[in-house]
Number of protein chains: 2
Amino acid sequence: MLTNLSVSEQNYIKSIYHLQQNSESVTTNALAGHIKTKPASVTDMLKKLQTKNLVNYNPYKSFRLSREGNKAALNIIRRHRLWEFFLVNQLQFTWEEVHEVAEQLEHVTSKKLVDKLDAFLGYPGFDPHGDPIPNSNGKINQQVQMPLFNLPLNTLAIITSVQNQSSDLLSFLSNSGITIGTKLEVKQKLNFDNSLGIKIKNKSSIFISEQIANAIQVNPL
Amino acid sequence: MLTNLSVSEQNYIKSIYHLQQNSESVTTNALAGHIKTKPASVTDMLKKLQTKNLVNYNPYKSFRLSREGNKAALNIIRRHRLWEFFLVNQLQFTWEEVHEVAEQLEHVTSKKLVDKLDAFLGYPGFDPHGDPIPNSNGKINQQVQMPLFNLPLNTLAIITSVQNQSSDLLSFLSNSGITIGTKLEVKQKLNFDNSLGIKIKNKSSIFISEQIANAIQVNPL
DNA sequence: TTAATTTTTTAGATTTGTCTAAAAATAATT
DNA sequence: AATTATTTTTAGACAAATCTAAAAAATTAA
Ligand SMILES: [Mn+2]
Ligand SMILES: [Mn+2]
Ligand SMILES: [Mn+2]
Ligand SMILES: [Mn+2]
């Protein structure tokens with residue numbers, strides 16, 4: 001049942017998918033916050049997505065993407081991340097500039113376009129922020145990673161992804177010499193505010209806040 | 001006054017621009033036919049475009065794009081044609097496949113994206129159908145051309161563009177060895193139906209209808 | 001286990017873009 | 001010039017997506 005999804009429906013589905021990554025089921029308020037709309041609008045849309053069998057919705061209780069909905073979400077995310085890869089690797093965008101543009105490009109739904117773009121780019125596995133790109137069957141290359149905040153002291157690790165699209169944060173990170181593939185270790189942790197002193201390999205040491213350390217995902221070597 | 005235009009507004013403006021190429025001013029019915037909507041909807045949209053100063057609209061009389069509207073149209077057309085060029089030259093689409101996809105891509109309005117795409121493609125002057133691509137200032141490379149139907153007999157000419165996006169027609173033409181840059185001459189014209197016998201350089205002769213001959217633009221050598 | 005608080009849903013309104021049917025204006029014919 | 005035909009606009013309705021305010025349900029606290 002390959003229904004044509006409106007841009008709005010696509011955005012809701014994608015947001016539900018992302019929110020489900022962190023918690024088992026999603027709340028109306030969380031979705032409203034994520035998508036910058038009001039809870040009442042979320043309820044309206046949930047009823048529509050329910051009739052299209054894209055979510056399993058129990059009013060007042062909870063909702064999740066259906067198998068159909070999950071598949072649709074992966075398609076949208078595939079397009080989003082392929083375009084981000086294209087923008088950085090072919091058009092010389094920086095990693096903090098691409099998210100906004102990809103938010104628009106992801107809604108161009110031609111399958112032929114997406115698959116040809118994928119081939120043109122050499123079937124990349126990860127986008128510029130380290131997030132995995134689903135292949136044309138919706139299969140994702142999951143990688144082992146943990147928040148930098150949880151990395152034990154004095155353990156060398158490699159940055160695998162950054163779980164936040166704020167261009168503020170992203171340009172701060174690249175200005176500090178932090179990007180996907182950067183090797184670093186945590187040297188100290190301040191009890192006062194939970195900030196971390198980190199040593200970037202072959203570079204200077206800097207302090208980062210707990211929030212930033214939680215957005216950065218690493219793979220201990 | 002760089003107002004944000006909805007997809008619908010963009011489609012209306014683009015259509016008005018194209019219709020103005022052929023006749024001085026545009027009629028409500030012609031626009032409705034072109035955009036596959038009803039005359040009443042056109043009137044509604046004209047009133048909105050008028051308040052945004054994108055058209056000069058005299059109810060019951062006529063309407064044209066304003067200077068503003070013209071500029072907006074050129075921007076949309078620039079995006080459309082750049083993407084068509086990209087699809088054919090980078091993603092290996094054929095010239096009859098690109099129009100439909102470009103209809104969607106043209107509505108992604110990021111100026112940075114468009115300018116970087118332009119640079120990436122090497123600032124192409126013409127799209128895969130031979131239509132000129134406006135530069136970032138809206139300037140167009142006009143070429144001297146005439147309908148193949150008007151080409152005198154036995155005059156060598158080069159095909160410069162095809163003024164129709166029907167994929168039917170476009171694949172017929174490429175299957176017949178006709179594309180942008182093809183050299184040919186008209187050998188005979190049947191009075192019965194105005195069809196033309198044309199000789200493609202280094203290839204066989206074929207007959208084409210008056211309609212097709214009028215869609216093909218050539219430059220006599 | 002009531003009462004208070006928070007979350008979620010409903011009711012009703014609004015905006016955008018579209019449509020049909022009817023009215024008004026313009027153009028073409030006799 | 002009057003009639004007829006065509007084109008265009010208006011009036012009113014509708015679907016999609018959103019909002020505010022009020023009601024209902026669920027959760028938390030007392
Ligand atoms: Mn992104
Ligand atoms: Mn990303
Ligand atoms: Mn086209
Ligand atoms: Mn074209």
Side-chain angles (χ1 to χ4, degrees), chain A residues 1 3-16 19-20 22-65 69 72-73 76 103-104 106-107 109, chain B residues 1 3-16 19-20 22-65 69 72-73 76 103-104 106-107 109:
Chain A
M1 193 71 53
T3 22
N4 270 3
L5 302 176
S6 72
V7 168
S8 243
E9 290 168 332
Q10 290 179 53
N11 283 333
Y12 275 92
I13 288 169
K14 192 181 50 153
S15 281
I16 299 172
L19 290 169
Q20 279 184 187
N22 304 326
S23 48
E24 185 56 29
S25 68
V26 188
T27 70
T28 302
N29 269 350
L31 183 48
H34 196 256
I35 223 168
K36 282 186 179 120
T37 184
K38 296 288 181 291
S41 308
V42 169
T43 302
D44 288 345
M45 182 58 88
L46 283 173
K47 285 191 276 189
K48 200 202 310 185
L49 296 177
Q50 170 84 302
T51 71
K52 292 195 176 188
N53 291 309
L54 293 162
V55 294
N56 297 123
Y57 173 45
N58 298 104
Y60 287 110
K61 295 287 172 53
S62 71
F63 55 91
R64 288 184 60 73
L65 290 179
I76 301 162
E103 284 293 310
Q104 311 233 352
E106 73 187 6
H107 300 300
T109 54
Chain B
M1 193 71 54
T3 22
N4 271 3
L5 302 176
S6 71
V7 169
S8 243
E9 290 169 332
Q10 290 180 52
N11 283 332
Y12 275 92
I13 287 169
K14 191 180 52 153
S15 281
I16 299 172
L19 290 168
Q20 279 185 185
N22 304 325
S23 49
E24 185 55 31
S25 68
V26 188
T27 71
T28 301
N29 269 349
L31 183 48
H34 196 257
I35 223 168
K36 281 184 181 124
T37 183
K38 295 289 181 288
S41 308
V42 169
T43 302
D44 288 344
M45 182 58 88
L46 284 173
K47 284 191 276 191
K48 201 204 307 185
L49 295 176
Q50 170 83 301
T51 72
K52 293 194 175 188
N53 290 310
L54 293 162
V55 294
N56 297 121
Y57 173 44
N58 299 104
Y60 288 109
K61 295 288 171 57
S62 72
F63 56 92
R64 288 184 59 73
L65 290 178
I76 302 162
E103 285 293 310
Q104 311 233 349
E106 73 187 4
H107 300 300
T109 55

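So you know, we letter chains A, B, ... as the sequences are listed, proteins then strands, and number each from 1. All of these numbers come straight from a predicted model, not from anything done at the bench.
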Presence of A:Ser6 side-chain N/O under 4.0 Å of D:dA16 phosphate oxygens OP1/OP2:
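Result: no.
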
Rounded distance (Å) that lies between atom [atom2] of [N] and atom [atom1] of [X]:
X       : N      : atom1 : atom2 : result
B:Gln50 : D:dT9  : CD    : C1'   : 14 Å
A:Asn58 : D:dA26 : CG    : P     : 11 Å
A:Met45 : C:dT8  : CE    : C1'   : 17 Å
B:Leu49 : C:dT18 : CG    : P     : 11 Å
A:Lys52 : D:dA15 : NZ    : C1'   : 12 Å

Tell me what B:Tyr57 touches on the nucleic acid: a base, only sugar-phosphate, or nothing, going by heavy atoms under 4.0 Å.
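Answer is sugar-phosphate: B:Tyr57 comes under 4.0 Å of backbone atoms only.
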
Contact class for A:Thr43 (heavy atom, under 4.0 Å): base, sugar-phosphate, or nothing?
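Since a base atom lies under 4.0 Å of A:Thr43, the category is base.
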
Considering residues at least two apart in sequence or located in another chain, which fulfil the side-chain contact (heavy atoms from CB on, under 4.5 Å) criterion with A:Asn58?
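By the side-chain contact (heavy atoms from CB on, under 4.5 Å) rule, A:Asn58 matches A:Lys61, A:Ser62.
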
Set out, line by line, the N/O atom pairs under 3.5 Å between protein and nucleotides 19-26 of chain C.
residue: C:dC19; atom: OP2; partner: B:Thr37; partner atom: OG1; Å: 2.5
residue: C:dC19; atom: OP2; partner: B:Lys38; partner atom: N; Å: 3.1
residue: C:dC19; atom: OP2; partner: B:Ser41; partner atom: OG; Å: 2.8
residue: C:dC19; atom: N4; partner: B:Asp44; partner atom: OD2; Å: 3.4

Just do the side chain to side chain contact (heavy atoms under 4.5 Å, CB included) check on B:Ser25 and B:Gln20 with the steps written out, would you?
CA-CA 6 Å; B:Ser25 68; B:Gln20 279 185 185; over 6 Å; no

Under 4.0 Å, heavy atom to any atom of DNA chain D: which of residues 23-34 of chain B qualify?
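When residues 23-34 of chain B is checked for heavy atoms under 4.0 Å from DNA chain D, the hits, listed by number, are B:Thr27, B:Thr28, B:Asn29.
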
Between A:Lys14 and A:Glu103, does any side-chain N to carboxylate O distance fall below 4.0 Å?
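Salt bridge between A:Lys14 and A:Glu103, a charged N being under 4.0 Å from a carboxylate O: yes.
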
